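These notes are about the structure you will find just below.
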Number of protein chains: 2
Amino acid sequence: MSRIKEIENKLVHAKYKLTTPRRLIMEILLENEGEHLTAEDIHNRLREKGQPVGLATVYRTLELFCELGILSRLNFEDASSYYELEEHDQHHHHLICLACNRIIEFSDELLEDFMVSIERKYGFEVTDHKIKYLGYCSHCRN
Amino acid sequence: MSRIKEIENKLVHAKYKLTTPRRLIMEILLENEGEHLTAEDIHNRLREKGQPVGLATVYRTLELFCELGILSRLNFEDASSYYELEEHDQHHHHLICLACNRIIEFSDELLEDFMVSIERKYGFEVTDHKIKYLGYCSHCRN
DNA sequence: CCTCCAAGTGATAATGGAATTCATTAATTT
DNA sequence: AAATTAATGAATTCCATTATCACTTGGAGG
């Protein structure tokens, strides 16, 4: 099943309509897979392609896609949010260069070996790390 | 050496003055150690104490304290930044409850055992995690 | 194919956190 | 004490995001 059909199904299955703006945004995301885009990026690229979509709609659609698990929202150290397609079972994390802000992705298959191997594998000198575990605390588990 | 003296030294050593606003902000931070405060929180508490400090100064001071390693700036999933005192060698991370937003802190002594032990230790059901390593990429290492 | 209407859209205004400006004040140097 | 420099704070600006609300549209049911 094509990627776009798959996403389409998720939408329809959740009782949302497949509208033109949503399809256009989806296309931009697929065309730029692997990049980290802001809402504004997407809005601009659509305008450049001669298929403008209102900024409010872009934000609403990105939020919806996050809820449906189509997208991940990423917060780095700056003010804006970045979005990327959620590749199933390809959970990955980020190396962030403090000097140039380059972002390098890495998988989490070998959590215990990370600290040691990252430097070698990516030539990245780790000086700090931030880990957030998300889930449900003892008060909220059903 | 008292905590406040220690911080004072860091300031003076870096050629900054220990001014009244800076001291007041420091006091608020020490009084609320362990909490995660926003710039606005600090600004409000100072006003309530009858020792108001301009919001701009609060922001500038927090930024300065971060540079000097006195504070850490934390970005959770919402829009604002939170600040907490940096306790030397007590590097820790955060468990964030998706239901109530409670934040539980945990140390990183046993990185490899985390995933397994967290659930037991904190009664926290982990459903996702975000790891960011900060440092210098191959292009930027001197 | 047509009608209807909830769902969706988009221009614009509003919001809110953070950064900046700039005139004023405090501290330090000569 | 004059001059230079650092720091402050009220007000303004910036910028990402959200809310508002009149208008449009997709698609289910006739």
Side-chain angles (χ1 to χ4, degrees), chain A residues 7-28 36-68 70-83 101, chain B residues 7-8 10-28 36-68 70-84 101:
Chain A
I7 296 174
E8 217 178 297
N9 282 350
K10 278 194 186 175
L11 262 181
V12 175
H13 198 260
K15 310 262 184 294
Y16 292 103
K17 290 176 190 161
L18 180 63
T19 63
T20 306
R22 283 175 185 163
R23 191 175 40 72
L24 291 173
I25 290 168
M26 204 187 295
E27 282 170 15
I28 291 290
H36 302 123
L37 301 175
T38 65
E40 201 111 19
D41 289 337
I42 293 167
H43 180 246
N44 288 337
R45 293 192 192 188
L46 284 165
R47 198 166 27 69
E48 284 160 16
K49 283 177 74 177
Q51 302 169 316
V53 170
L55 189 53
T57 301
V58 173
Y59 274 106
R60 276 187 298 238
T61 302
L62 293 175
E63 196 191 339
L64 177 62
F65 284 6
C66 283
E67 279 168 21
L68 297 179
I70 294 166
L71 283 183
S72 298
R73 173 202 229 126
L74 309 174
N75 295 300
F76 299 121
E77 302 306 296
D78 65 353
S80 31
S81 292
Y82 295 82
Y83 297 85
N101 287 316
Chain B
I7 296 173
E8 207 179 310
K10 279 195 186 176
L11 262 181
V12 176
H13 197 260
K15 310 260 183 296
Y16 293 103
K17 292 171 195 161
L18 179 64
T19 62
T20 305
R22 284 175 185 161
R23 191 175 40 72
L24 291 172
I25 291 168
M26 203 187 296
E27 281 169 16
I28 292 288
H36 302 122
L37 301 174
T38 64
E40 202 108 20
D41 289 338
I42 294 167
H43 180 245
N44 288 338
R45 293 190 192 189
L46 285 166
R47 197 165 29 67
E48 284 159 16
K49 283 177 75 177
Q51 301 169 317
V53 171
L55 190 53
T57 302
V58 173
Y59 275 107
R60 275 187 296 239
T61 303
L62 292 175
E63 197 192 336
L64 176 62
F65 284 6
C66 283
E67 279 167 22
L68 297 179
I70 294 167
L71 283 183
S72 298
R73 174 204 226 120
L74 307 174
N75 295 300
F76 298 122
E77 303 306 296
D78 64 352
S80 31
S81 292
Y82 296 82
Y83 298 84
E84 66 175 13
N101 287 317

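Letters A, B, ... mirror the listed sequences (proteins, then strands); counts begin at 1. On a predicted model such as this, the values are computed, not experimentally measured, just so you know. Excluded from the calculations below are hydrogen atoms, water molecules and symmetry mates; all remaining heavy atoms, backbone and side chain alike, are included.
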Between dC15(D) (C1') and Asn44(A) (CG): distance, integer Å: 14 Å
Quick one, Met26(A) and Leu11(A) - any side-chain contact, counting heavy atoms below 4.5 Å? yes
Do any N or O atoms of the protein come closer than 3.5 Å to N or O atoms of nucleotides 15-20 of chain C, and which pairs are they?
residue, atom, partner, partner atom, Å
dA18(C), OP1, Ser81(B), N, 2.8
dA18(C), OP1, Ser81(B), OG, 3.3
dA18(C), OP2, Tyr59(B), OH, 2.8

N or O in side chain of Arg22(A) less than 4.0 angstrom from dG26(D) OP1/OP2: no
Rounded to the nearest 0.5 Å, what separation is found between the CZ atom of Arg47(B) and the CG atom of Leu55(B)? 10.0 Å
Starting from C1' on dA28(D), measure out to NZ on Lys15(A) and report it in whole angstrom. 14 Å
Students often mix this up, so state it plainly: with edges at 30° and 60°, are the rings of Tyr82(B) and Phe76(B) parallel, tilted or perpendicular? tilted
For atom CD1 of Ile42(A) and atom P of dA16(D), their distance in whole Å: 14 Å
Pairwise 5' ranking along DNA chain C for Pro52(A) and Lys17(B), keeping only the more 5' one: Pro52(A)
In this structure, how many angstroms lie between the P atom of dT9(C) and the NE2 atom of His43(A), rounded? 14 Å
Is any side-chain N or O of Thr19(A) closer than 4.0 Å to OP1 or OP2 of dT25(D)? no
Spacing of Leu62(A) atom CG relative to dG10(C) atom P, expressed in whole Å: 13 Å
Can you tell me the distance, in whole Å, between the CZ atom of Arg47(B) and the P atom of dT8(D)? 19 Å
I'd like to know if the side chain of Arg22(B) reaches the main chain of Lys17(B), judged simply by a donor and an acceptor atom lying under 3.5 Å from each other, with no hydrogens or angles considered. yes
Atom OH of Tyr16(B) to atom P of dA6(D): distance rounded to whole Å? 10 Å
Given atom CD of Glu77(B) and atom C1' of dT17(D), what is their separation to the nearest angstrom? 16 Å
Pair Asn44(A)-Glu40(A), side chain to side chain contact (heavy atoms under 4.5 Å, CB included): steps then yes or no: CA-CA 6 Å; Asn44(A) 288 337; Glu40(A) 201 111 19; 4.0 Å; yes
Atom CD1 of Ile25(B) and atom OG1 of Thr19(B): how far apart are they, to the nearest 0.5 Å? 7.5 Å
Out of curiosity, Arg73(A) CZ to Glu67(A) CD, how far, rounded to the nearest 0.5 Å? 10.0 Å
